[in-house]
Trainee: 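Take this structure, written in structure tokens, and hold onto it; I'll ask about it next.
Residue numbers start from 1 in every chain, and the chains themselves are labelled A, B, ... in the order their sequence lines are given, proteins ahead of strands.
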Amino acid sequence: MLQNQLETLILQALKKAMKKGDLPKIPLPEITVTRPRREGQGDYSTALPLQIVKPVNIALKEKGESKRSPMQIGEVLIKRLPPAAFLERAELAPPGFINFYLSPGWLAQQAGAIVQQGPAYYRLNLGQGRKVQVEFVSANPTGPLHFGGARNAAIGDVLARLLEHSGYQVQREYYVNDRGAQMQTFAMTLWRRYQQLFGLDVEIPPDGYPGAYMIDYAKKIQATYGDTLLALPEDQVPARFRELGLAIVLDELKADLALMDVHFDTWFSEQSLYDDGTFARVFAILSEQGDLYEKDGAVWFRASQYVGGNRDEVFVRSNGEPGYFASDMAYHYHKFIIRGFDWVIDVWAVDHQNQAKRLPPSMKAFGVDPARLTIVLYDLVTLKRGGKEVKISKRSGDIITMREVLEEVGADAARYFLLSHSNEARIDFDLDLAVAQSNENPVYYIQYAHARSASILRKAREAGLEPSAAHLDLLTCPEEQALLRKMLQLPEVVAQAVERLAPHYLPHYALDLAKTYTQFYGHCRVLSKDPEQKDLTQARLMLVQAAKLTLSYVLSLMGMTAPESM
RNA sequence: GCCCCCGUAGCUCAGUGGCCAGAGCAGCGGCCUUCUAAGCCGACGGUCGCAGGUUCGAAUCCUGCCGGGGGUGCCA
């Protein structure tokens with residue numbers, strides 16, 4: 001990344017200035033280079049002179065020399081700045097900024113480099129092959145995914161995509177909570193619905209799942225098994241219907257998630273932790289370490305010694321059932337110790353914030369550095385219809401499913417909308433508004449820019465014109481240069497999104513990029529029949545191709561389609 | 001009570017120390033014989049919840065307060 005290269009150059013300049021005696025010796029500061037917001041402040045900027053003016057003057061005073069201003073320090077740094085191909089000049093700006101300008105010629109050449117290297121041009125190697133698991137969605141498998149799950153799916157999937165493109169080896173996992181009380185209730189509701197299909201006068205359990213989808217599940221069982229299951233011995237009912245129901249729900253989840261182009265590598269069963277001895281092993285380890293104790297008939301995990309504070313966690317409930325903390329501990333033991341992930345990212349809704357705070361420090365019980373477990377919290381999605389809130393919970397029975405919303409607004413628009421908010425922001429999603437505004441949705445603007453570039457390239461081919469890197473130096477007009485600059489910003493955006501695990505940088509950048517492209521499109525005619533314009537046309541075609549590739553790349557990072565025509 | 005998140009233009013939201021605060025949408029004024037007008041150009045629009053503090057510099061960091069949401073030992 002240019003940003004990093006610049007930081008290195010500035011550091012070299014500082015070291016050299018100190019070595020040559022232009023500046024007194026001071027401890028090396030952290031160099032930060034930013035992109036200024038305004039025009040005329042360069043492509044990059046650093047406030048280093050302002051940052052070091054104090055230590056510099058202290059050092060000068062000790063040597064009995066007179067004080068320097070930030071501007072004087074900046075002047076020295078610029079003088080000592082090593083040359084670089086991408087850099088045209090560095091300018092001093094009051095009260096002590098150094099602004100860097102990219103070389104227009106170098107910029108123009110990047111159009112060729114981007115096309116030649118393809119997406120590899122943008123790929124980063126932040127991860128250096130480290131194994132990271134992104135676990136997301138993981139909604140209870142007791143019904144269809146509601147729209148809140150769609151946000152989890154969008155965030156998790158895009159994080160996975162970002163990490164993949166940044167040199168990590170990524171596994172996407174869905175944690176299936178296929179044990180515990182809610183699973184039991186689910187199985188019994190299904191059983192009753194099944195019986196009802198044959199006219200039996202039975203009620204679903206009082207705390208059961210009232211939603212109509214349960215009837216659909218029962219019908220699926222009926223379609224396969226007819227009435228044969230009515231004769232099932234009562235003691236076999238829960239296990240059998242749990243198994244049948246789970247299979248149906250998982251199939252449905254997979255199909256629904258596929259609508260959003262979300263796919264998992266592994267579907268990890270919670271129950272398997274108990275079947276394969278992982279839980280027993282974790283219990284033994286913690287027990288041996290003295291991390292477990294009994295109180296009020298329950299087994300407690302001494303979380304306080306790892307997390308701090310004085311609160312411990314119920315490990316095995318007084319009814320003998322392991323609690324969620326126990327499952328989470330066993331599950332993460334499996335992730336780190338048995339499967340050996342270097343880094344694990346769990347994507348959770350904000351209502352799990354307490355657990356999110358307590359689980360990572362608890363990893364110390366396994367000798368695992370808590371920094372290897374990152375929990376990404378996102379706020380909930382509130383659905384509205386015509387300004388009125390619609391409940392999306394499963395328990396109320398009447399839920400707005402992810403599938404419904406996707407069918408109404410489309411996967412691309414839904415993804416864009418869900419991604420464009422920062423994780424911490426609550427989302428108000430008005431379905432009526434979303435449908436009404438779908439034509440003004442930024443997602444179409446971005447895709448339109450891509451379709452237009454595809455169209456130009458098609459027309460060029462028909463006219464026998466090909467992109468060429470022979471005269472890229474002709475790409476000097478402001479719109480062309482602005483487009484090149486914007487494209488080169490992509491790696492920085494990706495790096496920032498990865499660093500902060502914040503996918504929302506992507507949609508904002510994508511909109512920016514599309515806007516810059518469309519301005520170029522409006523101001524710089526690409527195809528020309530004038531033979532004298534051939535060199536410029538070919539250079540611009542190269543730029544169009546590079547822009548198309550960049551647009552399609554950022555769209556793919558967001559899991560969105562890049563249409564060739566609209 | 002304590003803890004976490006949010007409060008920025010009419011609306012939806014970006015912007016986590018840098019030089020005069022941004023975008024989309026809505027509204028206003030221009031632009032279709034030229035590569036897709038799902039577009040372009042221009043103008044309008046803000047006490048960055050409030051009050052202090054730290055800093056050369058604060059929407060951004062700290063403290064307090066107000067408003068909204070969430071969490072808080074046997075649901076996950």
Trainee: Measure from the side-chain heavy atoms of A/Tyr445 and tell me the nearest of B/G73, B/C40, B/A14.
Mentor: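 Shortest atom-to-atom distance from the side chain points to B/C40.
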Trainee: In whole Å, what is the span from the OH atom of A/Tyr324 to the P atom of B/U72?
Mentor: 7 Å
Trainee: What is the distance from CG of A/Asp296 to C1' of B/G73, rounded to the nearest Å?
Mentor: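 Answer to the nearest Å: 9 Å.
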Trainee: Can you tell me if NZ on A/Lys364 sees more than 12 non-hydrogen neighbours from other groups inside 6.0 Å?
Mentor: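 Yes, enclosed.
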Trainee: Looking at B/A76, B/G15, B/C35, which one has an atom nearest to any side-chain atom of A/Arg500?
Mentor: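 Side chain of A/Arg500 sits closest to B/G15.
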Trainee: May I ask you to say what A/Arg311 touches in the nucleic acid, namely base, sugar-phosphate or nothing, with a heavy-atom cut-off under 4.0 Å?
Mentor: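 The answer is sugar-phosphate, as A/Arg311 gets under 4.0 Å only of primed atoms, P, OP1 or OP2.
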Trainee: Which residue is it: A/Lys335, A/His352, A/Gln355? I am looking for the one with a side-chain hydrogen bond (donor to acceptor under 3.5 Å, both in side chains) to A/Asp346.
Mentor: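 Testing A/Asp346 for a side-chain hydrogen bond (donor to acceptor under 3.5 Å, both in side chains) against A/Lys335, A/His352, A/Gln355 leaves exactly one candidate, A/Lys335.
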Trainee: Base, sugar-phosphate or nothing for A/Ala93? Non-hydrogen atoms, less than 4.0 Å.
Mentor: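 If one applies the 4.0 Å heavy-atom cut-off, A/Ala93 turns out to touch nothing in the nucleic acid.
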Trainee: Taking for each residue the nucleotide of RNA chain B with the nearest heavy atom, is it A/Gly297 or A/Asp351 whose nucleotide lies nearer the 5' end?
Mentor: A/Asp351
Trainee: My understanding is that only one of A/Phe325, A/Phe301, A/Trp300, A/Phe279 makes a side-chain contact (heavy atoms from CB on, under 4.5 Å) with A/Val316; could you say which?
Mentor: A/Phe279
Trainee: Mind telling me whether B/C32 is syn or anti, cutoff 90° either side of 0?
Mentor: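 Glycosidic conformation of B/C32: syn.
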Trainee: How long is the line joining CZ of A/Phe417 and P of B/C25, in whole Å?
Mentor: 15 Å
Trainee: Tell me what A/Thr518 touches on the nucleic acid: a base, only sugar-phosphate, or nothing, going by heavy atoms under 4.0 Å.
Mentor: sugar-phosphate
Trainee: For RNA chain B, what residues of residues 354-365 of chain A have any heavy atom nearer than 4.0 Å?
Mentor: A/Asn354, A/Lys357
Trainee: According to the interplanar angle, ranging from 0 to 90°, do the rings of A/Phe520 and A/Tyr517 count as parallel (below 30°), tilted (30 to 60°) or perpendicular (above 60°)?
Mentor: tilted
Trainee: Report which part of the nucleic acid A/Val350 touches: base, sugar-phosphate, or nothing (heavy-atom distance under 4.0 Å, all strands).
Mentor: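 Sugar-phosphate only.
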Trainee: Which part of the nucleic acid does A/Pro94 contact within heavy-atom distance under 4.0 Å: base, sugar-phosphate only, or nothing?
Mentor: base
Trainee: Please work out if A/Phe315 contacts a base, only the sugar-phosphate, or nothing of the nucleic acid, heavy-atom cut-off 4.0 Å.
Mentor: nothing
Trainee: Mind checking if A/Phe97 touches a base, just sugar-phosphate, or nothing, with heavy atoms under 4.0 Å?
Mentor: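 The residue A/Phe97 makes base contact.
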Trainee: Does A/Asp275, at its CG atom, have more than 12 non-hydrogen atoms belonging to other residues, nucleotides or ligands within less than 6.0 Å?
Mentor: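 Yes, because the 6.0 Å sphere around CG of A/Asp275 holds more than 12 heavy atoms from other groups.
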Trainee: I need the CD-C1' distance between A/Gln489 and B/G15, as an integer number of Å.
Mentor: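 After rounding, the gap between these two atoms is 13 Å.
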Trainee: If you check every side-chain atom of A/His508, which of B/A23, B/A14, B/C74 has the closest atom?
Mentor: B/A14
Trainee: What is the separation between atom CD on A/Gln496 and atom P on B/A14, rounded to the nearest whole Å?
Mentor: 14 Å
Trainee: Measuring from the side chain of A/Arg525 (C-beta onward, heavy atoms only), which nucleotide among B/A14, B/G68, B/C35 has the closest atom?
Mentor: B/C35
Trainee: Does A/Tyr378 have A/Arg151 sitting over its ring (NZ/CZ under 6.0 Å from centre, angle to axis within 45°)?
Mentor: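 A/Arg151 over A/Tyr378 ring: no.
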Trainee: The side chain of A/Gln41 lies closest to which of these nucleotides: B/C3, B/U34, B/C19?
Mentor: B/C19
Trainee: Going through the distances and angles, do A/Leu513 and A/Met487 end up as a side chain to side chain contact (heavy atoms under 4.5 Å, CB included)?
Mentor: CA-CA 7 Å; A/Leu513 176 65; A/Met487 294 194 293; 3.9 Å; yes
Trainee: Ring centroids only, cut at 6.0 angstrom: are A/Phe264 and A/Phe136 within range, meaning strictly under it?
Mentor: yes
Trainee: Students often get this wrong, so: under 4.0 angstrom with heavy atoms, is A/Ser528 touching a base, only sugar-phosphate, or nothing?
Mentor: nothing
Trainee: Could you tell me how far apart A/His421 (NE2) and B/C25 (C1') are, to the nearest whole angstrom?
Mentor: 12 Å
Trainee: Students often get this wrong, so: under 4.0 angstrom with heavy atoms, is A/His352 touching a base, only sugar-phosphate, or nothing?
Mentor: base
Trainee: Whole Å only: how far is the CZ atom of A/Arg452 from the P atom of B/U34?
Mentor: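 For the pair A/Arg452 CZ and B/U34 P, the rounded distance is 13 Å.
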Trainee: So which nucleotide from B/C56, B/A14, B/G71 ends up closest to the side chain of A/Gln353?
Mentor: B/G71
Trainee: Rounded to whole Å, please give me the gap between CG in A/Asp379 and C1' in B/G7.
Mentor: 13 Å
Trainee: Just to be sure I understand the rule, does A/Asn310 reach a base, reach only the sugar-phosphate, or reach nothing, if contact means heavy atoms closer than 4.0 Å?
Mentor: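 Nothing: the residue A/Asn310, judged by heavy atoms under 4.0 Å, touches no strand.
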Trainee: How is A/Leu50 classified with respect to the nucleic acid when contacts are heavy atoms under 4.0 Å: base, sugar-phosphate, or nothing?
Mentor: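 Answer is base: heavy atoms of A/Leu50 come under 4.0 Å of a base.
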Trainee: Closest to the A/Pro442 side chain: B/A14, B/G69, B/G24?
Mentor: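 It is B/G24.
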Trainee: Ring-plane angle category for A/Tyr175 and A/Tyr331, please: parallel below 30°, perpendicular beyond 60°, tilted otherwise.
Mentor: parallel
Trainee: Please state the P separation for the pair B/G69 and B/C74 - nearest whole angstrom.
Mentor: 24 Å
Trainee: Classify A/Asp428 by what it touches in the nucleic acid, base, sugar-phosphate, or nothing, heavy-atom distance under 4.0 Å.
Mentor: sugar-phosphate
Trainee: Measure from the side-chain N and O atoms of A/Arg242 to the backbone N and O of A/Asp178, and report whether any donor-acceptor pair falls under 3.5 Å.
Mentor: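 Judged by distance alone, yes, a pair lies under 3.5 Å.
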Trainee: Which part of the nucleic acid does A/Ser45 contact within heavy-atom distance under 4.0 Å: base, sugar-phosphate only, or nothing?
Mentor: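 The answer is base, as A/Ser45 lies within the cut-off (heavy atoms under 4.0 Å) of a base atom.
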Trainee: Students often get this wrong, so: under 4.0 angstrom with heavy atoms, is A/Glu479 touching a base, only sugar-phosphate, or nothing?
Mentor: nothing
Trainee: Report the residue (A/Phe325 or A/Lys459) whose heavy-atom-nearest nucleotide on RNA chain B is the more 5′ of the two.
Mentor: A/Lys459
